[in-house]
Amino acid sequence: MSTAPRAVTEPTGSPVARGRNVLAGVLLGVGVAAFVDEAVFHQLLHWHHFYDRSTPAAGMVSDGLFHAFGWFSTVAALFLFADVRRRQAFSAPAWWGGLLLGAGGFQLYDGTVQHKLMRLHQIRYHVDIAPYDWTWNILAAVLILIGAALVLRARP
């Protein structure tokens, strides 16, 4: 008699499985978007810090906290992804849709709430910011629309 735990299976099209796939994708999308933002705009291009309304040292600390947030989101996504795979309930359209929703949602939140409402930082300084804002937010909306279409397509 074996005492090994049996694999839990869940129908791929069930609402619970779809929700777990979408959530895993969203968390990874947020983590990837945060990583790209941090690596490209903060570290490589030096365009801004997460918090630019203080000293450069405070900006560096805020970047570190932001980077940690992105990694926590990524690790949580990977645990959820492993759970979905273990349950044999992986749905590629739902997962990819969630990933695009997470990345686009993060980018739109960053471009509207953090840049404009809270004024934590801008994409760039000492240039005409309008083309950067429009590009940033339009790309976010495109990611959200494609992600939503994939999630809707994943419904049974």
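Below, each value reflects all heavy atoms present in this structure, side chains not excepted, and no hydrogens, waters or symmetry copies.
At distances below 3.5 Å, not a single donor-acceptor pair connects side-chain atoms of S73 with backbone N or O atoms of F69. N21 places a side-chain N or O within 3.5 Å of a backbone atom of A89 that can act as its donor or acceptor partner.
Counting heavy atoms from C-beta on, the side chains of L152 and R155 come closer than 4.5 Å.
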Distance-only donor-acceptor hits, side chain of residues 92-101, under 3.5 Å, sequence neighbours excluded:
none

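Residues passing the side-chain contact (heavy atoms from CB on, under 4.5 Å) test with V127, sequence neighbours excluded: R124, Y132. Applying the side-chain contact (heavy atoms from CB on, under 4.5 Å) criterion to A149, with sequence neighbours excluded, gives no partner residue. Remark: L145 engages no residue in a side-chain contact (heavy atoms from CB on, under 4.5 Å) (not counting sequence neighbours).
For residues 21-41, every residue pair satisfying the ring pair (Phe, Tyr, Trp, His ring centres under 6.0 Å) rule, not counting sequence neighbours, is listed here: F41-W47, F41-W136. Residue pairs that meet the side chain to side chain donor-acceptor pair (under 3.5 Å) test with at least one member in residues 98-112, sequence neighbours left out, are D110-H115, D110-H121.
Atoms CZ and OG, from R153 and S91 in turn, are 9.0 Å apart once rounded to the nearest 0.5 Å. One distance of note links CD of Q122 with CD of Q114; it measures 11.0 Å at 0.5 Å rounding. Taking CD1 of I123 as the start and CG of D133 as the end, the distance is 5.0 Å to the nearest 0.5 Å. The NE2 atom of H48 sits 7.5 Å away from the CG atom of D63 when rounded to the nearest 0.5 Å. The distance from atom NE2 of H42 to atom CZ of F50, rounded to the nearest 0.5 Å, is 8.0 Å. With rounding to the nearest 0.5 angstrom, the CG atom of L27 is 6.0 Å from the CG atom of L80.
F66 has its ring centre no less than 6.0 Å from the ring centre of Y51.
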